Amino acid sequence: MADAAWTGGAFGTVAHCVLAPNASPMTLDGTNTWVLRAPGSARSVVVDPGPPDASHLDAVASAAGDVAVVLLTHHHLDHSEAARAFAERVGCGVRALDPAYRLGPEGLGEGDVVAVDDLEVHVVATPGHTADSLSFVIPSERAVLTGDTVLGRGTTVVAHPDGRLGAYLGSLDRLHALAEAKEVGAVWPGHGPVLDDALGALDFYIAHRRERLAQVREALRSLGEEVDRDDVPRRVVETVYADVDPVLWGAAELSVRAQIEHLRAEG
């Protein structure tokens, strides 16, 4: 499925993905806004309303009907910017880990269960891409909404300084454990197509991160002490990310800074 053109649509018995028209090298096909509703229920949960695009929000409102609550996977604007306005439009609250992005008194964090009629959404803390990144497990579907922690295509950026590689690796391990235990079988990501093999996707993500970290470690060793400290991240990018489109090198440099910080912390 990951190789097919991605347009969103219905998944399982509870989910509908409305694709936002904000495609870019960083957002892939656009932001996936997820509408979750138990079969036969009138009320829904909306995850990541996305950008303040009128046509997109109209489509989300049409798919969602009576919205009980808006949930945010993290604060990045391509996921959160329209959350408050959309929630005010439909008359509900916004729950997020970061208090700055909430509307109403309720927060959101590790171990919370959001229940709307027969739908349950279990919250798993998955920091790393950002400090406030959350994933949402839907036990009835054995699916996990990962925001930007796992994408439907390619790999995500762990952007220094908010992104922390050590935390991110721990989050991948935690999701991997859920997949190994068969608690989740599919990934419903924040960008790109649904992944029907969660365990395989997480195996790939973990291996990729370990490989990149080894490449950064070797690049640092090769550069030695002759390069100005401020120039080191860009020089590492030029070596390690030579196969990546240069338009993405700015994001890659932020990721390299996170990797360098992680390696220094390891000693």
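In this text, all values refer to a predicted model and were calculated from it rather than measured experimentally.
Side chain to side chain, H122 and D112 fail the donor-acceptor criterion of an N or O pair below 3.5 Å. In the model, H79 has a side-chain atom that pairs as donor or acceptor with a side-chain atom of H191 under 3.5 Å. If you check the side chains of S135 and T126, you find a donor sitting under 3.5 Å from an acceptor. In this structure, a donor-acceptor pair under 3.5 Å is present between the side chains of D203 and H176. Judged purely by distance below 3.5 Å, without hydrogens or angles, the side chains of H74 and D98 never pair a donor atom with an acceptor atom. Checked by atom type, the side-chain pair N22/T27 shows no donor-acceptor distance below 3.5 Å. Between the side chains of E141 and T13, a donor-acceptor pair is found at a separation under 3.5 Å.
Judged by the 6.0 Å distance and 45° axis criteria, R209 is not positioned over the aromatic ring of F204.
A tilted orientation is assigned to the rings of F11 and W188, their planes being inclined by 30° to 60°. The aromatic rings of H75 and Y101 lie tilted to each other, with the angle between the two planes from 30° to 60°.
Hydrophobic clustering (ILVMFWY, side-chain heavy atoms < 4.5 Å, transitive): V18 and L71 are in distinct clusters.
Between R235 and E253 no salt bridge is recorded (no basic side-chain N to carboxylate O distance below 4.0 Å).
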- Item | Chi angles and distances behind the side-chain hydrogen bond (donor to acceptor under 3.5 Å, both in side chains) call for T33, H56 | CA-CA 9 Å; T33 296; H56 174 63; 3.0 Å; yes
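Residues D53 and E81 form no side-chain contact, since every pair of their non-hydrogen atoms from C-beta on lies 4.5 Å or further apart.
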